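Comments concern the structure below.
The sequence lines fix the lettering, A, B, ..., with proteins before strands; numbering per chain opens at 1. None of the values given here were measured: they were computed from a predicted structure.
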Amino acid sequence: MAERTRLARVREELQAALEAIIQDLGGPAGTRVVLAEPTEAGRADLATSVAFGLARTLRKSPRDIAAELCARFPGHPDVEALGAEGPGYVNVWLRTEFLSGVVDDVLSDPQAFGRSDEGRNARVLLEFVSANPTGPLNVVSGRAAALGDSLARLLNFTGWRADKEFYLNNAGVQILKLGQAVDLRIRELLGEEVESTWPEGVYPGAYVRDAARAYLDERGANAPRSHEILGAFAADFFTDRQREVLERFRVHFDSWAEERRFRESGAAEAVVRALRQSGHLDERDGAVWFRSTAFGDDKDRVVVKSDGSLTYIVPDAAYHWDKVRRGYDRLIDLLGPDHHGYVSRITAILEALSGQGSRLYVLIVQLVRLMRDGEAVRMSKRGGEFVELAELLDEAGVDAARFFFLERAPETPLDFDLGLALLSTQANPVFYVQYAGARIRSILRQAAHETVADGPRSLLAAPEERALLWDLASFPDVVARAARELSPHWLTRYLVELAGHFHGFYRQHRVLGGDPDTVRARIDLVRAVLAVLETATDLIGVEIPQTM
RNA sequence: GCGCCCGUAGCUCAGGGGAUAGAGCGUCUGACUACGAAUCAGAAGGCCGUAGGUUCAAAUCCUACCGGGCGCACCA
């Protein structure tokens, strides 16, 4: 699996050949040739614009240089032709026999096709969702969940060892406020009127009643009701709910780190001690400050407030320090856009503590707007009213939700069209992709009764077939790019393209019932397409149903 | 005021130095007596927010401005 792919090999060989010719022509030493897919599909298989850069030193037009490169090209068994076109491009067409070999590449080990060892077994910890356990998960957490989980799948597929972790903020001020809210809701359940005197800053959401009811059911009306006890109970209660909906969303965390532990174990105080010993702390205005500006932050940060309590960054720092000590080579945090200011301070403190600030990479996941009938569905956490992930899953289903969340690059704001997610037509990309898979499975079921040839397979030379071969051959590149850029949206785009090419092929050509050589070739082709569809959907956590 | 994200077809968005800027939806026109028409084929549709600059070459890089979103705590 660590072998280069078919496409990578021929690309490297051609690049080397062209670079050698450039040296013969007197081009600058070390000139690199980059062969890539032209922006416009169908213009060529691969192309390079290297001639433009050589024009000055060779004192010839790019067009002449491109022509000369083509004329001197010694030939390559996998290349059909080279051509100089446009103002100076060198275009490459590959032999169809060469491309069709990709079917064997896929079928020789269908589940491994596209794998790589790019990560070289380095360990990555992906931390995501990490929602406060003060209520149900909302749709924004859903996007982070889909992203983080798919990134883990992608990284594991490309040679990293990735773990998924949820950081539970189950201690501190917010949890006390939650406990207060539970206390009020319990009074309410016991008959008191509480709404008119609801205190500022205490969670107003009606969902807190669920926790209150659970407390009464489990512990009874006479159980102790300090804010601390109630807060801890409710945090556990909502954590369980969150875990349930995440499992339903096919997101399973390898581990759950608890803020409570970092506070109780003294790890948080140890951070302050370590910073003090290394001389990074100042006392000012009755508080203790960390000089984070020395590490690139835009202002210094308070770590111990004037009332003696710790700010939230201290246990967070303890947590990240712990990640480094657990031996992770890379730490990836998925955070919301409201946390982008957090990046420089947590990097600074990690650097001060361990010298490993550069291991942390923070991916800012932009907002989700739910759209229904062209209107944004209002979500306001302050008013205690927002769309829960569970509701979205009820309405749209797991596959559509995951696919839609992953359609955009993480740092791009996302509009989630609820109406579209419910459609079972081409307009709905999830459906379109799944339908391609269902069609192939249907063909393969019927192929069981078909006689196929045993001999050499016919060529798959029709344009629709060639398009599919090209898709298959480039799949490993797509996977590599999605993993490298931490952007699974390359996979969703790829899936729609592959499914589209399959549907086009399907309308134009029959798989079954032709001459045995062609039947065999086409069955193998669609088996390979199905295998890649399955791998790609699996990487984003979407399933292809057997029948639809 | 400062920081981050975003301005590309009517809509939702790809593309982030190189060819005539791509895709899906929507619109219009066609295609089922054979494997699933929940599909396919074709057409129309663009001063890539504006203005400068760098470059042989800019949607892409730089600067300024305009517009939209989100932040800027001894909250987390």
Side-chain angles (χ1 to χ4, degrees), chain A residues 34 36 38-41 43-44 47-53 55-56 61-62 85-89 91 130 132 134 169 171-175 177 201 259 284-289 298-299 301-313 315-316 336-344 364-367 369 371 374 407-417 420 423-429 431-432 434-436 438-447 449-450 464 489-490 492-493 496-497 499-500 502-514 519 522-523 526 547-548:
Chain A
V34 177
T39 42
E40 199 178 329
R43 202 182 274 284
T48 177
S49 59
V50 71
F52 291 93
R56 180 167 294 188
S61 73
E85 298 188 359
Y89 294 91
N91 285 344
S130 299
N132 286 334
T134 53
N169 293 106
V173 194
Q174 295 305 314
I175 299 306
K177 283 185 183 163
E259 180 179 1
R284 242 183 295 156
D285 310 327
V288 180
W289 297 70
D298 56 347
K299 51 182 124 172
R301 305 291 167 178
V302 171
V303 289
V304 185
K305 300 183 216 172
S306 49
D307 68 1
S309 64
L310 302 173
T311 59
Y312 72 95
I313 57 170
D316 277 11
D338 51 332
H339 283 81
H340 80 259
Y342 174 94
V343 179
S344 50
I364 297 293
V365 181
Q366 289 291 333
L367 294 177
R369 272 198 316 171
M371 307 295 286
E407 267 194 290
R408 307 272 169 262
E411 59 274 12
T412 305
L414 171 81
D415 282 350
F416 191 116
D417 188 333
L420 189 58
L423 285 181
S424 48
T425 72
Q426 185 195 19
N428 181 344
F431 179 83
Y432 188 71
Q434 290 176 325
Y435 185 53
R439 271 182 155 174
I440 294 174
R441 284 181 176 152
S442 174
I443 293 170
L444 294 179
R445 276 193 297 272
Q446 293 175 60
H449 318 294
E450 194 84 5
E464 295 82 3
H489 81 284
W490 292 115
T492 56
R493 297 185 69 80
V496 171
E497 184 181 314
F502 171 74
H503 288 307
F505 159 79
Y506 178 91
R507 291 295 297 174
Q508 191 67 32
H509 304 283
R510 286 193 51 82
V511 173
L512 305 177
V519 169
R522 289 186 174 156
I523 286 178
V526 299
T547 56
M548 308 183 62

All N/O contacts under 3.5 Å from nucleotides 10-13 of chain B to the protein, with atom names and distances to one decimal?
unit_1: B:U12; atom_1: O2'; unit_2: A:R408; atom_2: NH2; d: 3.0
unit_1: B:C13; atom_1: O2'; unit_2: A:R408; atom_2: NH1; d: 3.1

Heteroatom pairs (N/O) under 3.5 angstrom, protein to nucleotides 31-34 of chain B:
unit_1: B:A34; atom_1: N3; unit_2: A:R510; atom_2: NE; d: 3.2

Report task. Would you tell me if any nitrogen or oxygen in the side chain of A:Y432 comes within less than 4.0 Å of OP1 or OP2 on B:C40? Result ->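 Yes, because at least one side-chain N or O of A:Y432 sits under 4.0 Å from OP1 or OP2 of B:C40.
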Report task. Taking salt bridge (charged side-chain N to carboxylate O under 4.0 Å, His left out) as the test, write out the residues that go with A:R56, two or more places apart. Result ->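 With neighbours one apart ignored, the set is empty.
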With the criterion being N/O to N/O and under 3.5 Å, what pairs connect the protein with nucleotides 57-61 of chain B, and how long is each?
none

Atom [atom1], compared across [N] and [M]: separation rounded to whole Å:
{"N": "B:A19", "M": "B:C72", "atom1": "P", "answer": "42 Å"}
{"N": "B:C47", "M": "B:U8", "atom1": "C1'", "answer": "12 Å"}
{"N": "B:C5", "M": "B:G30", "atom1": "C1'", "answer": "43 Å"}
{"N": "B:G67", "M": "B:A14", "atom1": "C1'", "answer": "22 Å"}

Length of the [atom1]-[atom2] vector between [X] and [N], whole Å:
{"X": "A:H503", "N": "B:G36", "atom1": "NE2", "atom2": "P", "answer": "13 Å"}
{"X": "A:I364", "N": "B:C6", "atom1": "CD1", "atom2": "C1'", "answer": "15 Å"}
{"X": "A:E464", "N": "B:C40", "atom1": "CD", "atom2": "P", "answer": "13 Å"}
{"X": "A:E497", "N": "B:G15", "atom1": "CD", "atom2": "C1'", "answer": "13 Å"}

Requested in this report: Going 5' to 3' through nucleotides 70-76 of chain B, assign each nucleotide B (protein heavy atom under 4.0 Å from a base atom), S (under 4.0 Å only from sugar-phosphate atoms) or - (no protein heavy atom that close).
Outcome: SSS-BSB
Report task. State which residues pass side chain to side chain contact (heavy atoms under 4.5 Å, CB included) with A:R408; sequence neighbours excluded, sorted by chain then number. Result ->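 In terms of side chain to side chain contact (heavy atoms under 4.5 Å, CB included), with neighbours along the sequence ignored, A:R408 is linked to A:R143, A:T412, A:L414.
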Report task. Return the stacking result for B:G36 and A:Y435: yes when the ring centres lie under 5.5 Å apart and the planes under 30°, no otherwise. Result ->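 No; centroid distance or tilt outside limits.
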Query raised in the report: What does A:A47 touch in the nucleic acid at a heavy-atom separation under 4.0 angstrom: a base, only the sugar-phosphate, or nothing?
Result: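 It contacts base atoms.
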